[in-house]
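The structure appears below as structure tokens.
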There are 2 protein chains.
Amino acid sequence: MNTLSYGLLSMLSYAPFSGYDLMQKIQPFWPAKHSQIYPLLAQLERDGYIQHELVVQPDKPDKKVHSLTDLGREALSQWLSQPACPPVTRDELSLKIFCMNEGDPVDIQRLLEQRVEYCREKLVWFHAKSELFAHKRMDSSPGIVLLMRRALFSFQSELDWAEWALKELRGEG
Amino acid sequence: MNTLSYGLLSMLSYAPFSGYDLMQKIQPFWPAKHSQIYPLLAQLERDGYIQHELVVQPDKPDKKVHSLTDLGREALSQWLSQPACPPVTRDELSLKIFCMNEGDPVDIQRLLEQRVEYCREKLVWFHAKSELFAHKRMDSSPGIVLLMRRALFSFQSELDWAEWALKELRGEG
DNA sequence: AGCATCATGTAATGAGTTACATGATTTT
DNA sequence: AAAATCATGTAACTCATTACATGATGCT
């Protein structure tokens, strides 16, 4: 079973969800399209890790609500006890900065400004989410709190770096 | 042409390299195995972006040393002027932390300790590289300096987070 | 003697994205 | 009238990893 499959089980450890819900919830941690998720859910069910119930909705399309079986829960906690694979990041910006001698310096500055903007948007989003959890007493679990904090740390450090890099390029270092 | 192809051109903008060299150099920025790189190099040559020279080595196996053509250089600077795709990160640890209710709390602590160790190793490596560049006047370019600094920022923030998370879990928050 | 490094490739499989396909409801 | 959201699926394609294949040199 691959990591995305375990990721889906992870989401389902909180509550039963539809494939559509799962797709949206898993995005921040493990990007995946619905075309990848639906077949995996079918497979997980064939293998006995999850089961589903058809929920008829009058206003919206019917949906399949998936939930963990005992076997699924077992598989999850077994997976948790294994070491995690090292993280993989692929960022086109790194490659572009690597060969920045080759092009117009203005291009690189624009790329960094775009990254600054990107990080600011992410930070706004995660701050908003954090406050939702803090004030309105949403279904925040210890895990989600840790992950929120980490996202804030990581986008802040990327932002700091990008702003520092822009200063360097403008000769203000 | 895909991002990895441009990545290879980026590396070659510094100097001619063998496929084997390219594989090692591109790892930190865009992980790729040799089985992916060799076919792409052949394709880049077919399309006129690079050319190669066979270098016979008495002690080691012969190698193909690839270099940019004018067309390749053109393609590179055109690519540099386009906005970069948003970065993609996939980290199994995030998924495991997400569902940490499900398993033994000791498992999660162990995972975080392993991540702390991982970040420390990376930091040591990047600090060593930085000093090499600073003191021995290696072939450091402005791009590499920016990327080094960024790696230091990013692993430090991940380290800080992981240590904070461990304190939280041990109830020292 | 066995393993690591250097060096290049192909084949098979797995993972991930884009496109194809459908259809109701709600918002702009 | 057009676009977005909810909802599920399949097909085609690209991207990435693992395995297969070979072979010299140098280190332990």
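Chain A is the first sequence line, chain B the second, and so forth, proteins listed ahead of strands; every chain is numbered from 1. The analysis underlying the following values was restricted to heavy atoms, covering all of them including side chains, and did not include hydrogens, waters or symmetry mates. As the structure is a prediction and not an experimental result, all values here were calculated from the model.
As rounded to whole Å, 9 Å separates atom C1' of dC6(C) from atom CE of Met23(B). Rounding to whole angstrom units, CD1 of residue Ile37(A) and P of dT17(C) are separated by 10 Å. Going from atom CG of Asn2(A) over to atom P of dG14(C) covers 10 Å, rounded to whole Å. Atom pair Gln57(A):CD and dG23(C):C1' shows a separation of 14 Å (rounding to whole Å applied). Rounding to whole angstrom units, CG of residue Asp21(B) and C1' of dC6(C) are separated by 9 Å. Rounded to whole Å, atom P of dG14(C) lies 13 Å from atom CG of Leu40(A). Remark: C1' of dA15(C) and CD1 of Ile26(A) are 14 Å apart, rounded to the nearest angstrom.
For Tyr6(B) (side chain) and Glu92(A) (main-chain N/O), no donor-acceptor pair under 3.5 Å exists by modelled atom type. For the pair Glu168(A) (side chain) and Trp164(A) (backbone), a donor-acceptor distance under 3.5 Å is absent. In this structure, the side chain of Thr69(B) engages the main chain of Tyr49(B) through a donor-acceptor pair within 3.5 Å. Side-chain atoms of Ser10(B) never come within 3.5 Å of backbone atoms of Cys99(A) as a donor-acceptor pair (strictly under, hydrogens ignored).
As judged by a 4.0 angstrom heavy-atom cut-off over every strand, Lys60(A) is placed among residues touching the sugar-phosphate backbone only.
Taking the 5' to 3' direction, DNA chain D first and last meets chain B under 4.0 angstrom from a heavy atom at dC15(D) to dT25(D).
An OP1 or OP2 oxygen of dA15(C) is reached within less than 4.0 angstrom by no side-chain nitrogen or oxygen of Arg90(B).
Using modelled atom types, one finds a donor on one side chain and an acceptor on the other under 3.5 Å when comparing Ser5(A) with Asn2(A). Residues Glu102(A) and Trp79(B) bring no donor and acceptor atom of their side chains to less than 3.5 Å of each other.
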